[in-house]
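Read through the structure below, which is laid out as structure tokens, and then see the notes.
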Amino acid sequence: MTDIYGYAAAAPLYRAAGWMQVIPLPEGRKTPPPSGFTGRSRKPVTDEQVRFWSQSDPTANTGIVIPEGVLVLDIDAEQGHQVKADGAKGISELSQELGALPATWSSTSHGIDSPARHLFYKVPEGLAWKGGAIEGVDILQPGHRYSVVWPSIHPSGEMYCWYTPSGSTTSQIPHISDLATLPWKWVDYLRKPEHTTPRPTSNTLISPETGTYDARMCKAINTFLHKTLSNPASKGSRHDTTLQAVWALVNFAQEGHRGALDAISQLKPRFIAETAPDRQGKEREAAREWASILSGAMEKVNGVQSHVDPCEQSKIERMTPGEFNELTQNAAASQMEESYPEAVQNTGTMPVQAGSTPVASVQNGSMESHEASKNASSSWRFEDLTQLASGVELPPTPTVFQREDGQGLFYRGAVNDLHGEPGCGKSMLAQIATAQELKQGHDVIYIDYEDSARNVVKRLLLLGVTSEAIVTHLHYVRPSAKPSSPTSLDGWRETLAYAGTATLAIIDGVTSCLAYAGLDSNSGDDIAAWYNTMPRLISACGPAVVLIDHVVKSKDNRGRYAGGSMQKLALIDGISYSVDMTKPVGKGVRGTIVIKSGKDRISEIEEHCAVSWSSNGSHLREAARIEINSTDPKLMRVTIARPNMMPSDTESAKRFRATGLMEKISTIIQDSGEISFNQLMHELKDDGSGARRGTVKESVTTLCEEEYLSKRSGANNTIIYSSNRPYRQVDDPASDSYMDRLTQDEANELSRGEAEPNDLGIDDF
């Protein structure tokens with residue numbers, strides 16, 4: 001197996017040996033692991049997940065999460081890890097007291113003679129273990145940490161290897177049954193002592209301070225605080241978890257829940273104590289971070305606080321989606337009946353406000369979803385399929401956010417989404433789509449949890465939208481609570497009224513919206529409840545609903561859907577796009593944003609996408625390239641172009657270009673004057689690069705061919721390289737970091753003021 005390299009080749013071998021929780025890690029590194037697959041609440045690794053990771057990054061490092069019945073002693077050596085205590089010496093001294101450890105399988109990247117390694121043992125299942133055996137010896141156990149194993153590459157450049165109990169290297173992977181059993185004296189020493197305090201029953205609410213139900217807080221606050229403190233990093237980090245928790249508690253307080261501020265006061269000292277050790281400024285920096293979180297949450301609050309605790313005197317917080325729909329519609333009907341009693345009695349229907357159209361007459365809208373909403377009180381109801389079967393009622397067609405060839409990219413009457421990394425241009429695309437609709441005289445709803453009206457309007461003006469169109473047709477709101485809260489119901493009814501005439505509705509900031517509602521973005525049940533009580537109610541009225549969402553932080557765990565529960569992808573009944581900024585967008589440059597389809601429920605758009613899947617195995621197909629020209633400070637020119645329709649074999653035939661590595665090589669050779677290839681490899685390793693020798697050689701060849709480097713013969717037939725001129729990614733059109741900057745002629749033209757607005761192609765999008 002000496003030719004095995006990378007996660008894709010190794011993962012099936014480990015799973016065959018019984019190590020089912022095998023995860024990818026960045027090539028040449030030990031962290032970070034994919035989000036959600038380590039720790040006590042880890043998700044199981046499925047065959048499908050292994051295939052996805054293998055396609056996404058086949059050369060990734062390999063890690064195994066410790067299964068039940070296995071314990072690993074992580075022994076550090078004083079010289080090898082530069083720790084204060086020598087773990088190898090400590091374990092030897094401990095062996096004199098507990099007895100010698102039996103020989104077992106081990107793993108290390110430090111060579112056969114190094115005592116620094118992971119020792120794998122079988123142990124009884126169901127026991128709780130200490131965090132470490134002795135200073136310098138940590139314990140890797142189920143729910144805590146993982147082991148980096150063969151054929152991974154250590155940051156030093158060395159490969160991890162397996163060693164048999166006899167101490168020799170091997171190309172075999174040990175089966176769990178092959179491990180030595182840890183002696184009982186060691187088991188008793190390493191396990192945590194059992195607690196005699198009885199566990200609380202499932203219906204008992206626990207206060208972290210008193211250990212009992214906290215009478216200062218209502219049921220909802222007690223439950224929410226206990227859930228937050230029991231898993232303080234459930235959102236990926238303590239900062240993100242605390243941020244969302246504080247936002248939720250502030251909104252609980254505004255809605256009238258008793259004890260929300262007491263809960264916030266309990267979060268503060270715990271947050272500071274647990275984050276201070278990781279901050280350079282310790283407690284002072286952690287306290288400033290807390291103050292920033294709290295002030296940011298308070299800024300989001302507006303409106304009048306309710307004086308009635310929903311837990312004690314109102315049913316509204318405990319309603320099912322169907323009950324909430326019925327309440328909203330009945331309340332609206334009651335208002336209409338009070339205003340137009342004769343019309344309701346004579347026709348049995350509600351009149352429509354001037355300038356609007358009935359929901360049932362909206363073109364390209366989904367009447368199916370509207371009927372479902374109208375009859376929300378019936379949760380199980382067989383539908384009349386006559387019109388659908390006869391072809392009279394067709395599925396919605398994409399008419400919103402049109403490319404230059406006229407192909408629409410969002411479905412009306414359905415929920416669509418844009419997801420990507422922070423700063424990739426998701427909100428900009430939503431505002432470009434908004435500008436299109438406003439220029440055509442259509443109404444747009446913009447529900448914004450991330451930005452401000454000032455910035456959105458400024459962008460729309462740059463996109464050529466008139467102030468009159470913005471005032472007349474844009475309905476902008478920054479909510480500070482969920483629609484079902486007592487302070488939000490009137491605004492929510494108004495939103496649904498606007499939805500009857502709107503063609504587009506943007507919800508910018510799904511994660512923040514869920515946080516305000518006290519919902520968990522990783523919970524499929526919470527996601528489903530939110531979809532049914534917000535996005536789908538709006539789409540049922542006819543507009544294309546577009547959700548703006550983030551992806552998970554770990555690149556290894558990204559795919560076709562936004563961060564959090566995969567339920568997000570399952571509930572999209574329009575189209576879901578992954579957003580990627582391939583060229584930087586900003587003042588004075590021409591940038592590019594590419595959107596790729598991950599799921600097209602209706603299949604009207606995907607046939608107009610690129611022929612092939614993305615080369616990274618993510619099953620995404622390019623749908624459009626949005627070219628954004630911001631070289632004119634007064635006007636932003638946008639072209640929504642068709643995708644690159646070339647088939648995949650043509651794209652894959654292109655030579656791989658490691659532009660980041662090329663820049664690093666160029667810089668090293670510039671600083672060194674002259675250098676051999678072996679010296680270059682040594683410098684790259686010292687710089688933390690995990691690039692393989694073949695990749696480095698190919699990059700050096702490319703730099704020589706393009707005359708960035710020169711080479712000459714040296715002693716002992718070595719090749720010596722020197723720099724002709726620096727290579728930088730921002731100047732390379734083949735690099736993702738390339739910046740298409742103004743030419744001197746263009747700069748001169750702008751300075752003379754010769755560029756006229758009417759000549760700048762405002763109608764290109």
Side-chain angles (χ1 to χ4, degrees), residues 2-10 24-33 56-63 79-82 108-111 114 116 148-161 554-556 616 654-738:
T2 55
D3 58 341
I4 297 296
Y5 180 79
Y7 177 84
L25 302 165
E27 185 176 1
R29 294 168 57 191
K30 297 191 285 186
T31 59
S56 299
D57 192 358
T59 61
N61 272 358
T62 303
Q79 294 180 348
H81 285 64
Q82 297 180 351
T108 184
S109 64
H110 301 296
S114 174
V148 187
V149 292
W150 172 90
S152 299
I153 304 298
H154 190 272
S156 66
E158 302 296 328
M159 178 179 282
Y160 286 84
C161 293
S554 170
K555 291 186 178 181
D556 296 327
N616 61 6
K654 293 181 180 178
R655 183 174 172 182
F656 172 69
R657 191 175 179 87
T659 56
L661 179 61
M662 289 167 61
E663 180 170 323
K664 189 172 289 187
I665 291 171
S666 175
T667 302
I668 289 174
I669 296 179
Q670 271 185 278
D671 296 340
S672 301
E674 288 191 334
I675 194 172
S676 69
F677 185 81
N678 287 338
Q679 290 172 328
L680 174 62
M681 287 297 300
H682 181 74
E683 292 287 341
L684 286 170
K685 283 186 178 180
D686 287 347
D687 196 44
S689 173
R692 289 184 289 172
R693 190 178 186 89
T695 306
V696 176
K697 185 171 290 187
E698 186 175 351
S699 298
V700 169
T701 300
T702 301
L703 290 169
C704 289
E705 289 174 352
E706 297 178 7
E707 299 183 349
Y708 289 99
L709 301 180
S710 294
K711 59 182 180 179
R712 66 174 181 84
S713 297
N716 300 321
N717 294 323
T718 58
I719 302 297
I720 305 299
Y721 298 95
S722 60
S723 175
N724 292 335
R725 55 193 175 95
Y727 169 86
R728 297 295 180 265
Q729 294 183 81
V730 294
D731 299 319
D732 184 353
S735 168
D736 290 343
S737 301
Y738 174 64

Which pair of heavy atoms, one from [X] and one from [Y], lies closest together, and at what distance?
X: Pro155; Y: Lys30; result: CD-CG, 4.3 Å
X: Ile720; Y: Ser676; result: CD1-CB, 4.1 Å
X: Lys711; Y: Cys704; result: CD-SG, 4.4 Å
X: Arg693; Y: Asn678; result: NH2-OD1, 2.8 Å
X: Thr31; Y: Pro26; result: O-CG, 3.3 Å
X: Tyr7; Y: Asp57; result: CB-O, 4.5 Å

How long is the straight-line distance from [atom2] of [Y] back to [atom1] of [X], given to the nearest 0.5 Å?
X: Ile668; Y: Gln679; atom1: CD1; atom2: CD; value: 11.5 Å
X: Ile665; Y: Gln670; atom1: CD1; atom2: CD; value: 12.5 Å
X: Asn61; Y: Leu25; atom1: CG; atom2: CG; value: 6.0 Å
X: Leu684; Y: Thr695; atom1: CG; atom2: OG1; value: 11.0 Å
X: His154; Y: Cys161; atom1: NE2; atom2: SG; value: 12.5 Å
X: Thr718; Y: Ile675; atom1: OG1; atom2: CD1; value: 12.0 Å

Just by distance, do the side chain of Ser666 and the backbone of Met662 share a donor-acceptor pair under 3.5 Å?
-> no
Judged by atom type as modelled, is there a donor-acceptor pair below 3.5 Å linking the side chain of Ser152 to the main-chain atoms of Thr62?
-> yes
For Phe677 and Ile719, what are the C-alpha separation, side-chain angles and deciding distance, and is it a side-chain contact (heavy atoms from CB on, under 4.5 Å)?
-> CA-CA 7 Å; Phe677 185 81; Ile719 302 297; over 6 Å; no
With sequence neighbours left out, write down each residue that passes salt bridge (Lys or Arg N to Asp or Glu O under 4.0 Å) with Asp687, or none if nothing qualifies.
-> Lys664
Listed by chain and number, what are the side-chain hydrogen bond (donor to acceptor under 3.5 Å, both in side chains) partners of Arg692, not counting sequence neighbours?
-> none
Side chains of Thr59 and Glu27: is there a donor and an acceptor less than 3.5 Å apart?
-> yes
Derivation of the side-chain hydrogen bond (donor to acceptor under 3.5 Å, both in side chains) call for Thr659 and Gln729 | CA-CA 6 Å; Thr659 56; Gln729 294 183 81; 3.0 Å; yes
Can you run down the ring-ring contact (aromatic ring centres under 6.0 Å, His included) pairs that involve residues 709-731, sequence neighbours left out, and say none if there aren't any?
-> Tyr708-Tyr727
Check whether any side-chain heavy atom of Arg728 sits under 4.5 Å from a side-chain heavy atom of Thr667, and report yes or no.
-> yes
Yes or no on side-chain hydrogen bond (donor to acceptor under 3.5 Å, both in side chains) for Thr108 and His110, after CA distance, side-chain angles and deciding distance?
-> CA-CA 6 Å; Thr108 184; His110 301 296; 4.6 Å; no
